[in-house]
Amino acid sequence: LVQANLGAMPRAFAAPAAKGDADILTAESDNERFNEVLSIKQQANAKFKDEDYFSAKCLYSGALEMLERCCLHMPQADETWEGIKNNMALCDLRRNEWTRVIDTTTEILARNPSNTKALYRRGVARFGQERLAEAQRDFRRVVELDPKNVDARHKLGEVMRRAKEEQSVERGQAEKMRGFLQGERLNDTVPISEDGSVRKLHGNENAPLFSSWIKREWLLPSCSSAAVVTCHIVVKTPAGREVWTSRKPPGSSAQQAIGPHMMNQAKPAQRPVEPVRFVMDDAWGCVFRAWNSAVKTLQHHEIGRYEVSWSSLGPSVEPCIERCLSTWLADTPARRSMYKDVPEDVRDSTLKRQAVQILGIPEELCEEPEEAKGPSATLTMEAELLDVAEFSDVQGDGRTLLRVIQVGSGCPHRVSDLSTVTAHFRIAKLLMNLSLKDTRMGLANTADGMVMREDRSRDPVEFIVGEEDAAEEGDFVPPCIGRLLMCPPGGVAEGMQFELVLRDGVPVSEMEKAINTAYADGTIDPDVMPDTTGPVVVRIEVAKVVPAIAGPTSDGWQGAESLRRERERATWLQEADDGRHWRKSLKRWRRILSWLAELMKGRRWRAGGEQSAVGAGSMYDLEWDADDSGEAGAGSVPCEAGSAADRTETAEEALEVEADMLKTLDGEELAEWSRAHRAVAH
């Protein structure tokens, strides 16, 4: 085939040029040769479409040889060379010739390390040779270069699952061999809890009770840090029926309603699979004893199987549920009125179920299944430890735990009140890890219907700290995010990523714009519907921080333009949402007055002079009072940007300013002072 195509080459370059011919080939002859290369490549493409991979590769080889002999000096030669080489690798890939694929793609990557096609095909070939670590490296590189490459993501997941399976098998064989060589006896079950309600299947009775990753101080009640565990849990009956699992989307095992009333009803979007997260040895008791005991015996990515009694599941969280009932669902007049005609047992069961939902505890594990009833009945449980992270106790009372994942960049700006922040965030239930608000979560249409998926390519959201809820529906950010940005000691800078465990949760009223409005106008009564999410984990990734203008002495001050922008923002806040943000608007107006007060103080020396005229001073060239022991306010320093109390006092003083002081302001400044004075006075 190669000879046949080469034989059809034009006479102009079928033989070497004669001695008398021109030494430099013309552009026309170069184009003819390059077009012939492309022609042979097209013939190869046709053979490939016919699934004649051997013939296609022969033609690709002929095109490559002609390209390398005659056309490598042309500008488009490199791209064509990579394309032909990639096609040759694909032909070998279809014939499962893994070694040839690896050799060809490695040659391409030596010239262009960012060629995603070559990386992907080499990864597939290495996967075919069971070289899982190298294949995983290639697929990860493809995903880094092209985050939207779905095929590479699927292959990476497949390789990781295969690697985990092999690792599990190898670990199990090694454990058995080690036990055999050391003369240890492998029992069917080994108790791992003090009361024996949790037993590990096929465990080693001589193994330590706690795994090596556990720090001794984590087990002390007075410890200033705690371990947050991430794992998968599956609970089954002795007959094998799944009672609850974290390996499937939430609600997937629940029986779906059927009947005529469900026709043409939209199917709710399927949530993603999420592992559970909880605080090990939780002093607040918001974790099943079976789960807590099991993870202590696991190594990372180890899958352990256990026999658990019912007492180590639902009954072990009863104190936590009772505390939730007394804290968030106490007996109030509004609640008594709502349940006045409801039987007492129905009321109690309803309130308990509401407490379970607030705490994020699986309801299926709070109700004893029929198969597990009886003094000797047990359930089987499977647990896989995925991750362990250390959190520090911020306030020393266990209510707020902090973990800094990534420190910020060297940027000096820290998040403060009214800073403009660009960030990603996620608010999720502590135990079930169900996402309540996630800036990276979106809806995708699949063959199984609408599903919720994480989209790493989504842009972060932008908001103003302290004014998060003053936005439209699509731009609404929970105000708790702004408050949490103030929580880490030392402040939050650009590039910082951190997680917080909040025992008391965050207000439900801050999750969505519509809910926020319903609580604000009284549509939802907080005495009936508790305004809390229950314990949550909040992750924040800060991308950018723009500090707010702090006054005439701060960086970024632009004189009248800064006053105008501040006034426009104050006016918008005053009118938005039927005036619900009047307090935020008032704060902006007071800032304007305090800034103008600073300007007037800085120009005070001009007011008493005969040569001083109205507007003679300029807000762009400030001159401050010199130290003089005989003058009021002598030796004073302009207000600091961060002193809110000083600014409030200055703003109040600006309401009763002397006429001579007003003469130091120019026309624009005087107009801004008048607007702010009127707004604050009303």
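This is a predicted model, so every value here is computed, not measured.
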Report the C-alpha distance between Val356 and Ile321 in whole Å, list the side-chain angles of each, state the deciding distance to 0.1 Å, and finish with yes or no for side-chain contact (heavy atoms from CB on, under 4.5 Å). CA-CA 7 Å; Val356 168; Ile321 295 174; 3.8 Å; yes
Judged by atom type as modelled, is there a donor-acceptor pair below 3.5 Å linking the side chain of Thr327 to the main-chain atoms of Cys324? no
On a heavy-atom basis, which atom in Ala676 and which in Ile592 lie closest, and how many Å separate them? CB-CG2, 3.9 Å
Taking atom CE as the centre, does Met529 end up with more than 12 heavy-atom neighbours from other residues, nucleotides or ligands that are less than 6.0 angstrom away? no
Does Arg440 offer a backbone N or O that forms a donor-acceptor pair with the side chain of Arg456 under 3.5 Å? no
Partner set under side chain to side chain contact (heavy atoms under 4.5 Å, CB included) for Thr350, not counting sequence neighbours: Tyr339, Val346
Geometric class of the Trp291/Phe278 ring pair [parallel <30°, tilted 30-60°, perpendicular >60°]: tilted
Please step through side-chain contact (heavy atoms from CB on, under 4.5 Å) for the pair His232 and Leu386, ending with a clear verdict. CA-CA 7 Å; His232 272 303; Leu386 302 177; 3.7 Å; yes
Give a yes or no on whether a salt bridge exists between Glu561 and Arg564, defined as a side-chain N under 4.0 angstrom from a carboxylate O. yes
Taken to the nearest 0.5 Å, the spacing of Leu593 CG from Arg675 CZ works out to 12.5 Å
Can you spot which of Thr400, Asp397, Leu430, Val536 makes a side chain to side chain contact (heavy atoms under 4.5 Å, CB included) with Arg503? Leu430
Pair Arg569, Glu566 - check salt bridge (charged side-chain N to carboxylate O under 4.0 Å, His left out), show working. CA-CA 5 Å; Arg569 181 64 180 175; Glu566 191 75 7; over 6 Å; no
Kindly say whether Ala334 contributes a backbone atom to a donor-acceptor pair with the side chain of Ser337 at under 3.5 angstrom? no
Using the salt bridge (charged side-chain N to carboxylate O under 4.0 Å, His left out) rule, take Arg565 and Glu568 through it: C-alpha gap first, then chi angles, then the decisive distance, then the call. CA-CA 5 Å; Arg565 286 200 296 263; Glu568 289 178 350; over 6 Å; no
Got a donor-acceptor contact below 3.5 angstrom from the His424 side chain to the Arg458 backbone? yes
Quick check for you: to the nearest 0.5 Å, what is the distance between Asp469 atom CG and Ile464 atom CD1? 11.5 Å
Which of these, Arg483, Lys584, Lys587, sits in a salt bridge (charged side-chain N to carboxylate O under 4.0 Å, His left out) with Asp417? Lys587
Lys/Arg N to Asp/Glu carboxylate O, Asp331 vs Arg347, below 4.0 Å: no
Tell me if the CZ atom of Arg216 is crowded by more than 12 foreign heavy atoms within 6.0 Å. no
Which of parallel (below 30°), tilted (30 to 60°) and perpendicular (above 60°) describes Trp218 and Trp213? tilted
Pro507 backbone acceptor or donor facing Thr533 side chain under 3.5 Å: no
Given the options Asp387, Thr230, Asn433, Arg277 meets side chain to side chain donor-acceptor pair (under 3.5 Å) only with Thr230
If the test is side chain to side chain contact (heavy atoms under 4.5 Å, CB included), which one of Val508, Leu502, Asp504 qualifies with Val506? Leu502
Taking atom CD of Glu668 as the centre, does the number of heavy atoms from other residues, nucleotides or ligands within less than 6.0 Å exceed 12? no
Output, in order, the C-alpha distance, side-chain angles, deciding distance and verdict of side-chain hydrogen bond (donor to acceptor under 3.5 Å, both in side chains) for Trp595 and Glu672. CA-CA 11 Å; Trp595 294 350; Glu672 297 294 353; over 6 Å; no
Is any NZ, NE, NH1 or NH2 atom of the basic residue among Glu274 and Arg426 found under 4.0 Å from an Asp or Glu carboxylate oxygen of the other? yes
